[in-house]
Amino acid sequence: METPIRLPVLGSGQSDLSVSCWLIDAGDEVAAGDRVVELLTAGMTFDVSAPVCGRLTRIEKPFDSPVAVGDILGWIDPETPDE
């Protein structure tokens, strides 16, 4: 089952956030904790990390999309061990 990449709480007073750039493309593999998307607010940037290891399957919020805390930015298909 795919795991969402959600925008976490960045601190009080953060508003007018938007996607500055994706640091990976759909189909790329990531490790948990890898920076995957950069957000911009009032001239400051914030990176959002991958919550799990796997492959980025979808980008829900492309470049310049407005985002809010809790929004799903994209989806990762977690690695499954070979059986």
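What's counted below: heavy atoms across the whole structure, side chains too, no hydrogens, waters or symmetry copies.
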Please step through side chain to side chain contact (heavy atoms under 4.5 Å, CB included) for the pair Thr57 and Ile76, ending with a clear verdict.
CA-CA 6 Å; Thr57 56; Ile76 295 176; over 6 Å; no
Gap between atom CG of Asp77 and atom SG of Cys53 - 0.5 Å precision
12.5 Å
Return the CG to CG distance between Leu40 and Leu17, rounded to the nearest 0.5 Å.
8.5 Å
With the 4.5 Å side-chain cut-off for hydrophobic clustering, are Met44 and Phe63 part of the same group?
no
Heavy-atom closest pair, residues [X] and [Y]:
X     : Y     : value
Val19 : Pro62 : CB-O, 3.5 Å
Pro8  : Val69 : O-CG2, 3.9 Å
Pro78 : Thr3  : CG-OG1, 3.4 Å

Just jot down the side-chain contact (heavy atoms from CB on, under 4.5 Å) partners of Ser49, sequence neighbours excluded, or say none.
none
Residues in side-chain contact (heavy atoms from CB on, under 4.5 Å) with Arg6, at least two apart?
Pro4, Ile72
Per the side-chain hydrogen bond (donor to acceptor under 3.5 Å, both in side chains) rule, what does the pair list look like for residues 23-32, sequence neighbours excluded?
Glu29-Arg55
Suppose the criterion is side-chain hydrogen bond (donor to acceptor under 3.5 Å, both in side chains): which pairs have a residue in residues 58-67, not counting sequence neighbours?
Glu2-Arg58, Arg58-Glu60, Glu60-Trp75
Passing candidate, side-chain contact (heavy atoms from CB on, under 4.5 Å) with Ile24, options Val37, Ile59, Val30
Val30
Tracing side-chain contacts under 4.5 Å among Ile, Leu, Val, Met, Phe, Trp and Tyr outward from Leu23 reaches none
Quick one: side-chain hydrogen bond (donor to acceptor under 3.5 Å, both in side chains) partners of Asp34, sequence neighbours excluded?
none
Ser20 meets the side-chain hydrogen bond (donor to acceptor under 3.5 Å, both in side chains) criterion, sequence neighbours left out, with Glu38
I would like to know whether Trp22 and Leu56 meet side chain to side chain contact (heavy atoms under 4.5 Å, CB included); could you show each step before the answer?
CA-CA 11 Å; Trp22 277 87; Leu56 181 67; 4.2 Å; yes
